[in-house]
2 protein chains.
Amino acid sequence: MLKRFVPKIVDAEARRQEVVEAVFRIIASDGLERASLREVADEAGLAVGSVRHYFASSDELLVHSFAVVVDRIAGRLEEAFAVVESLETGSTEHDAAVLTLLGQFLPLDEELAVDACVWMAFRHAARIRPVLEQVAARSHRAVAAVVGRLVMQLMPDGGSVQERLVTEAERLLATLDGLCMHALLQPEWMTAEVCRDVLTAHLDTLVALPSNR
Amino acid sequence: MLKRFVPKIVDAEARRQEVVEAVFRIIASDGLERASLREVADEAGLAVGSVRHYFASSDELLVHSFAVVVDRIAGRLEEAFAVVESLETGSTEHDAAVLTLLGQFLPLDEELAVDACVWMAFRHAARIRPVLEQVAARSHRAVAAVVGRLVMQLMPDGGSVQERLVTEAERLLATLDGLCMHALLQPEWMTAEVCRDVLTAHLDTLVALPSNR
DNA sequence: ATCTTTTTAGCACGAACGTGCTTGAACCGT
DNA sequence: ACGGTTCAAGCACGTTCGTGCTAAAAAGAT
């Protein structure tokens, strides 16, 4: 069956992306519970029916938005990890690249802050809402994979002991999420400088680990 | 003016506490956004009007619930810290007491899990809702105080360098909150055992810090 | 028994929500 | 010019929410 009549071509994917970014802005400024169809439509400069034309339901819009932010974050991490891999271990550029990688988790600028807000909001919402479960699991796997590879590269022993390696990966992951949380919830206390200090302190403890134990 | 007619005595504080615990159960199982007056009243076995008799508004109910959970957590921390202080530094009982203290943050049993859920939900909601701001700030101060004192006692140098001390306090705080988050959001991955491993690993890095740097 | 106050319960209103459905408007191949 | 398809917009219904308000039930002091 051929498409005989090619109708009005409005780049549908671009429109969807605009709506998604309206969702992001609303979540960042007013929280996930305010991301209703009416609010999103207003923010995107559209009518409710128009948004519903691109997203069958509210759930689909939210799940897709979650997936988009996860892809964005995972993409940044992969990109930054490639830089880390390309540099020689122990060099100052390497250390800087590692800090840059870890900084992708934190709300250090406007764009990162929005993503961090949205990411946190969705992950917490996924605890309750089954529709978000799959994307949340994918998010966790993607981030854990990058952090795991990073720890494997950074640990002195090369990660001989498997158990120790996952513990250190979980430890770095927890510190990152905790830092992100505090930076979002207590921005006065948790400034970018404090974040950097905490991260460098953590990295010191990672490289200078007691080999035995 | 004397109270001539002392009417029906129902200890109001106990009733309020019952309502608050209904709020906790709802937040833990269905999330904060489901903690409406009608849901809370149902959960507490009361009518909406009855709940509204003890709490003037929905906001007051939520703010009070937040304050109660903060007090509960802060109380547990103070109690556990007193035990830590009473033991000799470096002893095995001391180490165990420190782990017990830090475990108060994590959802290691039913009661702790409910509190952790509620605490997280309110703290994140406080980013948006101004009514929760004050209690959130109090919560942060109380917890940071205990963790700060703990770090001061645990660090080898006795915390000579002020700057290093606050960095380590923030680092421990971040790790704790991150662990709590992961234990709530990915309970399959982040088991109690992994939590314990991560915490002991962190404590090792805290005691075995390079003195200079 | 009566009176006063607390306690409990319920109604009604406006606002916001998701969603099924309908109605024009825009657009392109014929 | 026309017809088929997509896009944009809006209405209407049922649900849930907070809240102001009213009113019945409960209980101790008189």
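Side chains are part of it too, since the values below use all heavy atoms of this structure and drop only hydrogens, waters and symmetry mates. In what follows, every chain begins at residue 1, and chains take the letters A, B, ... in the order their sequences are listed.
- Applying the side chain to side chain donor-acceptor pair (under 3.5 Å) definition to pairs two or more places apart or across chains, those involving residues 181-191 of chain A are His182(A)-Asp177(B).
- Put simply, Arg15(B) has a side-chain N or O that comes within less than 4.0 Å of OP1 or OP2 on dT8(C).
- Environment of CD in Gln17(A): crowded, with over 12 heavy atoms of neighbouring residues, nucleotides or ligands closer than 6.0 Å.
- Rounded to an integer number of Å, the gap from CG of Leu46(B) to P of dA26(D) is 15 Å.
- Note: CD (Glu13(A)) to C1' (dT6(D)) measures 16 Å, nearest angstrom.
- Identified under the salt bridge (charged side-chain N to carboxylate O under 4.0 Å, His left out) test for residues 97-119 of chain A, with sequence neighbours left out: Arg72(A)-Asp115(A), Arg76(A)-Glu111(A), Arg76(A)-Asp115(A).
- Applying the side-chain contact (heavy atoms from CB on, under 4.5 Å) criterion to Cys117(B), with sequence neighbours excluded, gives Arg127(A), Ala28(B), Leu184(B).
- A sub-4.0 Å separation between OP1 or OP2 of dT6(C) and a side-chain N or O of Tyr54(B) is absent.
- The phosphate of dA9(C) has neither OP1 nor OP2 within less than 4.0 Å of any side-chain N or O from Arg52(B).
- For the OP1/OP2 pair of dA8(D) and a distance below 4.0 Å, the side-chain nitrogens and oxygens of His53(A) include no atom meeting the criterion.
- Within a heavy-atom distance below 4.0 Å of DNA chain C, the residues of residues 19-41 of chain B found are Arg38(B).
- Listed by chain and number, the residues in a salt bridge (Lys or Arg N to Asp or Glu O under 4.0 Å) with Glu60(A) are Arg16(A) (sequence neighbours excluded).
- Contacts of residues 55-69 of chain A with DNA chain D (heavy atom under 4.0 Å): none.
- Distance, Asp42(A) CG to dG18(C) P: 12 Å, rounded to whole Å.
- Each of dG10(D), dT19(C), dC7(D) was ranked by its minimum atom distance to the side chain of Ala47(A); first place goes to dG10(D).
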Side-chain donor-acceptor pairs of residues 94-105 of chain B under 3.5 Å, sequence neighbours excluded:
from: His94(B); atom 1: ND1; to: Val84(B); atom 2: O; distance (Å): 3.4
from: Thr100(B); atom 1: OG1; to: Ala96(B); atom 2: O; distance (Å): 2.9
from: Gln104(B); atom 1: NE2; to: Thr100(B); atom 2: O; distance (Å): 3.1

Sequence neighbours left out, cut at 3.5 Å: what donor-acceptor pairs do the side chains of residues 140-155 of chain A make with other protein atoms?
from: Arg149(A); atom 1: NH2; to: Glu78(A); atom 2: OE1; distance (Å): 3.1
from: Arg149(A); atom 1: NH2; to: Glu78(A); atom 2: OE2; distance (Å): 3.0

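- One finds a side-chain N or O of Ser50(B) lying less than 4.0 angstrom from the OP1 or OP2 phosphate oxygen of dA9(C).
- In terms of heavy atoms, Arg123(B) sits closest to Ser139(B) at CD-OG, 4.5 Å.
- Listed by first then second residue, pairs satisfying salt bridge (charged side-chain N to carboxylate O under 4.0 Å, His left out) with a partner in residues 27-47 of chain B read Arg25(B)-Glu43(B), not counting sequence neighbours.
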